[in-house]
Colleague: 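Mind having a look at this structure? Questions to follow.
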Amino acid sequence: MQFIILALVGLVMGIATVITGGGAGAIYVSVLTIFFNISPAVATATSLATMFPTAAVSAYLHARSSNVNFKIGWTMLGWGTIGALVGSYFSNDIPDNDYNTLIGVVIIALTVLMIIKKRKPTDIKSEEHENKNKKFLQASFFGIVSGLLSGLVGTSGTTAIIAGLTLLGCTTMQTVGTSVFVLAGISLVGFLMRVGVGTVDWPLAAALAGSAIVGAILGTFLLKKSVTKKSSSQNNSLIDALIIIGNLAMGIALLFK
């Protein structure tokens with residue numbers, strides 16, 4: 001029964017990853033610790049081992065649809081890698097009881113920034129001519145925050161990535177596609193660093209990753225048939241709402257867990 005639950009969670013999270021750009025690291029860690037009674041360190045390493053193949057497949061599927069901004073993505077990934085290395089080094093210094101509070105506060109704060117940006121009318125010409133150094137600094141900052149979250153607590157850090165991409169003026173689909181591209185790289189670095197701290201439960205990781213990849217492929221099909229097909233625009237209010245509501249719900253749930 002436990003593995004059936006795990007497979008279903010992986011399937012749903014795979015669909016969610018490719019549609020919203022989120023990695024669901026916090027959910028993976030919660031499921032593994034609650035239903036399988038493994039330590040946070042092992043759950044974290046197992047979560048990261050699951051996220052990399054899922055995000056890599058999702059990024060490939062989005063790249064085929066030209067949804068990945070590689071210029072911004074590589075900037076975020078480079079700084080995110082540094083953040084992941086630093087976070088992994090200090091990961092043992094965070095008490096287990098503080099994991100959920102830390103993640104919840106950061107997720108809510110970043111989601112509020114996203115809401116403010118989405119409510120503010122976007123001047124496309126102004127976005128295009130915005131200072132390049134400012135954009136680079138913004139991408140770098142959110143990349144570092146994402147990497148720190150990944151290395152410290154084993155989450156995907158995608159809330160920081162998505163918030164940064166939104167503030168940089170990326171469209172909905174470009175935000176989602178670039179997010180999973182950055183996630184693939186950061187989760188790989190976080191996993192390689194974290195695997196020495198907590199042993200990976202490979203059977204659980206395989207069950208999660210396998211079902212999540214199937215979910216990502218299914219999610220791409222659903223995205224093309226029912227969401228993006230309705231509009232030629234790269235912006236989608238439904239996906240924006242799903243991302244914001246999902247992040248808020250996760251952040252609040254973690255705070256009161």
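Index from 1, following the sequence.
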Colleague: Between S187 (side chain) and A184 (backbone), is there a donor-acceptor pair under 3.5 Å?
Modeller: yes

Colleague: Decide yes or no on side chain to side chain contact (heavy atoms under 4.5 Å, CB included) for N247 and L110, but give the supporting numbers first.
Modeller: CA-CA 9 Å; N247 284 333; L110 291 173; over 6 Å; no

Colleague: When rounded to the nearest 0.5 angstrom, what is the spacing between CD1 in I243 and OG1 in T166?
Modeller: 7.0 Å

Colleague: For Q174, is there any backbone N or O sitting under 3.5 Å from a side-chain donor or acceptor partner on T171?
Modeller: yes

Colleague: Decide yes or no on side chain to side chain contact (heavy atoms under 4.5 Å, CB included) for V106 and T159, but give the supporting numbers first.
Modeller: CA-CA 9 Å; V106 173; T159 302; over 6 Å; no

Colleague: Any side-chain heavy-atom pair from L223 and V18 closer than 4.5 angstrom?
Modeller: no

Colleague: Would you check if I72 and L168 make a side-chain contact, meaning some heavy-atom pair closer than 4.5 Å?
Modeller: yes

Colleague: Tracing side-chain links under 4.5 Å among I, L, V, M, F, W and Y, which residues wind up in one group with I4?
Modeller: L8

Colleague: By side-chain contact (heavy atoms from CB on, under 4.5 Å), which residues pair with A249, not counting sequence neighbours?
Modeller: none

Colleague: Run the side-chain contact (heavy atoms from CB on, under 4.5 Å) test against I116 and tell me which residues pass, sequence neighbours left out.
Modeller: V112

Colleague: Hey, does Y28 have a side-chain heavy atom less than 4.5 Å from the side chain of T46?
Modeller: no

Colleague: Kindly write out the residues that satisfy side-chain contact (heavy atoms from CB on, under 4.5 Å) with F141, not counting sequence neighbours, or none if the list is empty.
Modeller: V145

Colleague: Minimum heavy-atom separation for I38 to L32, with atom names?
Modeller: CG1-O, 3.4 Å

Colleague: What I'd like to find out is whether the side chain of T20 reaches to under 4.5 Å of the side chain of V176, using heavy atoms alone.
Modeller: no

Colleague: Are there more than 12 heavy atoms of other residues, nucleotides or ligands under 6.0 Å from atom OH of Y60?
Modeller: no

Colleague: Do V42 and V200 touch side chain to side chain, with heavy atoms closer than 4.5 Å?
Modeller: no

Colleague: Enter the distance from M13:CE to I15:CD1 here, rounded to the nearest 0.5 Å.
Modeller: 9.0 Å

Colleague: Of all heavy-atom pairs between I162 and S179, which one has the smallest distance, and what is that distance?
Modeller: CG1-OG, 3.6 Å

Colleague: Looking at G14 and T54, what are the two nearest heavy atoms and their distance?
Modeller: CA-CG2, 4.4 Å

Colleague: Under a plain distance cut-off of 3.5 Å, with no hydrogens placed, do D240 and T172 share a side-chain donor-acceptor pair?
Modeller: yes

Colleague: Say you draw a straight line from CG of L85 to CD1 of I186; how long is it, rounded to the nearest 0.5 Å?
Modeller: 10.5 Å

Colleague: Could you go through residues 205-222 and list every donor-acceptor pair under 3.5 Å that involves a side-chain atom there, pairing it with any protein atom two or more places apart or in another chain?
Modeller:
unit_1 : atom_1 : unit_2 : atom_2 : d
S211   : OG     : A7     : O      : 3.2
S211   : OG     : A207   : O      : 2.9
S211   : OG     : L208   : O      : 3.1
T220   : OG1    : A216   : O      : 3.0

Colleague: Check T17 against S58 and note the closest heavy-atom contact, atom names and distance.
Modeller: CG2-OG, 3.8 Å

Colleague: When rounded to the nearest 0.5 angstrom, what distance separates CG in L183 from CE in M51?
Modeller: 6.5 Å

Colleague: Apply side chain to side chain contact (heavy atoms under 4.5 Å, CB included) to I82 and I144, showing your working.
Modeller: CA-CA 7 Å; I82 295 175; I144 288 176; 5.6 Å; no

Colleague: Should L204 and F52 be regarded as members of a common hydrophobic cluster, given that ILVMFWY residues are connected when their side-chain heavy atoms come within less than 4.5 Å of each other, either directly or indirectly?
Modeller: yes

Colleague: Give a yes or no on whether the backbone of F142 and the side-chain of S146 come within a donor-acceptor separation of less than 3.5 Å.
Modeller: no

Colleague: Can you get from I5 to F36 by hopping between Ile, Leu, Val, Met, Phe, Trp and Tyr side chains that sit under 4.5 Å apart?
Modeller: yes

Colleague: Do you reckon L167 sits in the same ILVMFWY cluster as V68, going by side-chain contacts under 4.5 Å, direct or chained?
Modeller: yes

Colleague: Any side-chain heavy atom of F35 within less than 4.5 Å of one from V9?
Modeller: no

Colleague: Output every pair passing side-chain hydrogen bond (donor to acceptor under 3.5 Å, both in side chains) with a member in residues 66-79, not counting sequence neighbours, ordered by first then second residue.
Modeller: H62-N67, W79-S140

Colleague: Kindly compute the distance separating CE (M114) from CG (L248), expressed to the nearest 0.5 Å.
Modeller: 8.5 Å

Colleague: Kindly work out whether a path of hydrophobic side-chain contacts (I/L/V/M/F/W/Y, heavy atoms less than 4.5 Å apart) joins I245 to L242.
Modeller: no

Colleague: Pair M76, L165 - check side chain to side chain contact (heavy atoms under 4.5 Å, CB included), show working.
Modeller: CA-CA 9 Å; M76 283 188 161; L165 292 169; 4.0 Å; yes

